[in-house]
Amino acid sequence: MAIAIIETGGKQYKVFPKTRLRIEKIEGQEGDAVVFDKVLLVGERDAVVIGTPYVSGATVAAKIVRVGRDDKKIVFRYHSKTRYRKKKGHRQPFTEIEVLEIKN
């Protein structure tokens with residue numbers, strides 16, 4: 001089974017073929033093909049290649065399944081004894097992808 005570690009949106013993700021995962025928002029519409037070239041590690045059971053920092057020539061092909069926003073998170077600031085209260089909400093945008101194949 002092939003495995004890869006990719007970098008996107010300032011984060012690192014461990015990916016396998018035919019799996020779905022949520023990543024930080026990237027440009028594209030639902031159904032578009034995406035290729036990740038910042039691959040940090042790629043390999044099978046015995047043959048693992050670790051990049052310095054990236055593996056040259058390795059790519060991960062994926063398809064955008066869904067683009068959306070996460071549930072609302074409440075940000076509440078409070079200072080006691082000073083009547084200071086601030087309430088704010090935040091919804092983080094995300095892109096859900098399905099990994100199609102890992103090329104070494």
Side-chain angles (χ1 to χ4, degrees):
M1 177 166 73
I3 183 175
I5 296 179
I6 62 170
E7 179 182 326
T8 178
K11 298 183 174 112
Q12 297 174 4
Y13 300 94
K14 180 167 53 170
V15 297
F16 304 96
K18 308 292 185 223
T19 58
R20 288 185 175 193
L21 71 144
R22 283 188 177 185
I23 61 173
E24 294 292 319
K25 184 180 178 192
I26 57 175
E27 295 297 320
Q29 303 293 323
E30 295 178 11
D32 289 353
V34 182
V35 176
F36 298 101
D37 57 348
K38 292 185 176 181
V39 180
L40 301 166
L41 179 141
V42 65
E44 299 258 342
R45 291 184 184 269
D46 298 331
V48 176
V49 179
I50 300 173
T52 55
Y54 304 118
V55 178
S56 62
T59 59
V60 174
K63 177 180 73 169
I64 296 178
V65 177
R66 186 166 71 116
V67 177
R69 296 195 317 169
D70 207 358
D71 294 335
K72 184 180 278 192
K73 306 285 191 263
I74 302 298
V75 180
F76 189 73
R77 294 180 178 178
Y78 174 77
H79 292 186
S80 62
K81 302 175 187 162
T82 58
R83 297 182 180 164
Y84 180 81
R85 293 173 180 83
K86 297 278 185 183
K87 184 177 180 182
K88 203 172 11 172
H90 174 74
R91 292 182 69 190
Q92 183 70 25
F94 69 87
T95 302
E96 186 173 337
I97 62 168
E98 180 178 1
V99 178
L100 301 174
E101 66 175 335
I102 299 171
K103 294 182 184 175
N104 191 358

**Prompt:** In terms of heavy-atom contacts, does NZ of Lys73 have more than 12 from other residues, nucleotides or ligands at under 6.0 Å?
**Reply:** yes
**Item:** Non-neighbouring partners of Val48 that pass side chain to side chain contact (heavy atoms under 4.5 Å, CB included), sequence neighbours left out
**Value:** Leu41, Ile50
**Request:** Write out all pairs satisfying ring-ring contact (aromatic ring centres under 6.0 Å, His included) with one or both partners inside residues 14-61, taking only residues at least two apart or from two chains.
**Result:** none
**Prompt:** Rounded to the nearest 0.5 Å, how far apart are CD of Gln12 and CD1 of Ile23?
**Reply:** 14.0 Å
**Prompt:** How would you list, by chain and number, every residue that makes a side-chain hydrogen bond (donor to acceptor under 3.5 Å, both in side chains) with Lys72, sequence neighbours excluded?
**Reply:** none
Return a table of donor-acceptor pairs under 3.5 angstrom between the side chains of residues 94-104 and protein atoms on other chains or two or more places apart.
residue : atom : partner : partner atom : Å
Thr95   : OG1  : Ile26   : N            : 3.2
Glu96   : OE1  : Arg66   : NE           : 3.4

**Prompt:** Taking only residues two or more places apart in sequence or in another chain, which ones pass side chain to side chain contact (heavy atoms under 4.5 Å, CB included) with Lys11?
**Reply:** Tyr13, Glu24
**Message:** To check you understand the geometry: which heavy-atom pair defines the closest contact between Ala2 and Pro17, and what is its length?
**Reply:** O-CD, 3.4 Å
**Item:** Joint cluster assignment, Val55 & Leu40, ILVMFWY side-chain distance < 4.5 Å
**Value:** no
**Message:** To the nearest 0.5 Å, what is the distance between NZ on Lys14 and CD1 on Ile5?
**Reply:** 7.0 Å
**Any pair counted as ring-ring contact (aromatic ring centres under 6.0 Å, His included), so long as it reaches residues 64-90, sequence neighbours left out** = His79-Tyr84
**Message:** Check for me, please, whether Leu21 and Ile3 land in the same ILVMFWY cluster - side-chain distances under 4.5 Å, paths through other members count.
**Reply:** no
**Message:** Between Gln29 and Ile64, is there a side-chain heavy-atom distance shorter than 4.5 Å?
**Reply:** no
**Prompt:** What distance do Arg77 atom CZ and Lys86 atom NZ have between them, rounded to the nearest 0.5 Å?
**Reply:** 8.5 Å
